[in-house]
Colleague: 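The structure is given below, and queries will be raised subsequently.
Chain letters run A, B, ... following the sequence lines, proteins first, then strands; residues in each count from 1. Values in this document were obtained by computation on a predicted structure and should not be read as measured data.
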There are 2 protein chains.
Amino acid sequence: MNDLPTAPTSRRKRKAEARCCPPSEVAPVVPRDRAEADARLAALAKALGHPARVAIVRLLARRETCVCGEIVDELPLAQSTVSQHLAQLKRAGLIRGEVDGPRVCYCLDEGAVALLKALVEGL
Amino acid sequence: MNDLPTAPTSRRKRKAEARCCPPSEVAPVVPRDRAEADARLAALAKALGHPARVAIVRLLARRETCVCGEIVDELPLAQSTVSQHLAQLKRAGLIRGEVDGPRVCYCLDEGAVALLKALVEGL
DNA sequence: CCGAGTTATCGTATTTCGCCGATGAACGAT
DNA sequence: ATCGTTCATCGGCGAAATACGATAACTCGG
C-alpha cells in the first residue's frame, strides 16, 4: 500500500509547454454562398451551444500554451464527457488536437475563431 | 395539374410595413461572472445553432421587419416548424414578436445581437 | 355572429444530445 | 515485456431537439 519510493517530483513535469499547434494564421474565408454561410455559422454556433464547451474555448484562449487534458480538472464533468465535448469542438473545427506522447495537446484554431467572429459580426 | 386561372399572387396585400419594434437601444451588458457569461453565450449560440434559425436572423436583419408568413415562404419548412424556430429564438431573446392584427411581426432584438457580438468578440 | 386568414400549440415519431462508468488503445518509463 | 498514465470509444440511459400534420386560438371584415 504505502510503497511510494521517493517519487521524483519531476514526474508531473511536461516539456510540451513550448508549442503544440503552429500558428495557422488563415484568413477567415467567409463562404460566398448564402446557404453555406448559414450552415457554417450554425455549425460553429452549435459547437458553442453548451456552457462546458464555452468554458473549454475560454480556457484555451486564456492560456497561451495549449493545455492538454488538464481541462478535465477544471470542469465538474467526467473525463469521458469532457472528451466528447472536445471531440465536438474538434469536429466543428474550432480546436485542434496534437498527440504529444501519451497526452493530447489541444489548442484553439485561430482561423475558425476568426471565421466565427466574422460571421457573427456580419449578422 | 394546372388550375387556378386566377392569379395566385394576390394572396398577400399587407400594409403593416411600418415597423413593429421600437429601437430598443440597450447597452450590451456583458455579465461579469465567468460562469454566467458562459451560460449566456452558450444560450445565444445554441439559438443560432441551426441553419434555419440563422437564415431567419439574417432575413430579419436584412429587412427592417418581417412577418411569420413571409419567413415561412422563404424556408423549405412547414409553418409549424418555422413557428417553433421562432419561439426558440424568442426564448433566447434574439428576436421579439409584436402582435399586429391577425399577424405577428417579428424583428431582431438589437441589444441581444450586440451582446452576442460582444461575447463572441471577447473570446 | 361567422367565415377567412394567420400564428401558436398539441401529439407523435425519429434523431441527437449530455452524462456516466467501463473498457480499449497508445505511449513512456521501469 | 510489463506497468501506469492518458485519452478515446463503447454501451446505455433519460432528456431534449427536430420535423410534420392536425387542430386550436386569435383578429379582422362582412
Colleague: Is any side-chain nitrogen or oxygen of A/His50 closer than 4.0 Å to OP1 or OP2 of C/dC19?
Modeller: yes

Colleague: Return the value, rounded to whole Å, for the distance between atom CZ of B/Arg53 and atom C1' of D/dA19.
Modeller: 12 Å

Colleague: Does the side chain of A/Lys46 get closer than 4.0 angstrom to OP1 or OP2 of C/dC17 through an N or O atom?
Modeller: yes

Colleague: For A/Arg32, look at atom CZ and say whether over 12 heavy atoms of other residues, nucleotides or ligands are found less than 6.0 Å away.
Modeller: no

Colleague: Between P on C/dG28 and CG on A/Asp100, what's the gap in Å once rounded to a whole number?
Modeller: 9 Å

Colleague: Can you check the B/Glu98 CD to C/dT6 C1' distance for me, whole Å?
Modeller: 17 Å

Colleague: If you find the nucleotide of DNA chain D closest to A/Gln79 and the one closest to B/Gln79, which residue's nucleotide is nearer the 5' end?
Modeller: A/Gln79

Colleague: Compare every heavy atom of B/Ala118 with every heavy atom of B/Val30, then report the nearest pair and how far apart it is.
Modeller: CG2-CB, 4.1 Å

Colleague: With the threshold set at 4.0 Å, does a side-chain nitrogen-carboxylate oxygen contact exist between A/Glu70 and A/Arg63?
Modeller: yes

Colleague: Output the distance between atom OH (B/Tyr106) and atom NZ (B/Lys90), rounded to the nearest 0.5 Å.
Modeller: 4.0 Å

Colleague: On a plain distance test, is the side chain of A/Thr81 in donor-acceptor contact with the base of C/dG18 below 3.5 Å?
Modeller: no

Colleague: Can you tell me how far CG of B/Leu60 sits from CG of B/Asp109, rounded to the nearest 0.5 angstrom?
Modeller: 11.5 Å

Colleague: Atom CG of B/Leu89 and atom C1' of C/dA8: how far apart are they, to the nearest Å?
Modeller: 15 Å

Colleague: With a cut-off of less than 4.0 Å, is there a side-chain N or O of B/Gln84 near OP1 or OP2 of C/dC10?
Modeller: no

Colleague: Send over the distance from A/Asp73 CG to D/dT5 P, rounded to a whole Å.
Modeller: 14 Å

Colleague: Are any of B/Ser83's side-chain N or O atoms less than 4.0 Å away from OP1 or OP2 of C/dA8?
Modeller: yes

Colleague: Return no unless some side-chain N or O of B/Tyr106 is found under 4.0 Å from OP1 or OP2 of C/dA8.
Modeller: yes

Colleague: Please work out if B/Leu86 contacts a base, only the sugar-phosphate, or nothing of the nucleic acid, heavy-atom cut-off 4.0 Å.
Modeller: nothing

Colleague: Ignoring backbone atoms, test whether A/His85 places a side-chain nitrogen or oxygen under 4.0 Å from the OP1 or OP2 oxygen of C/dC17.
Modeller: no

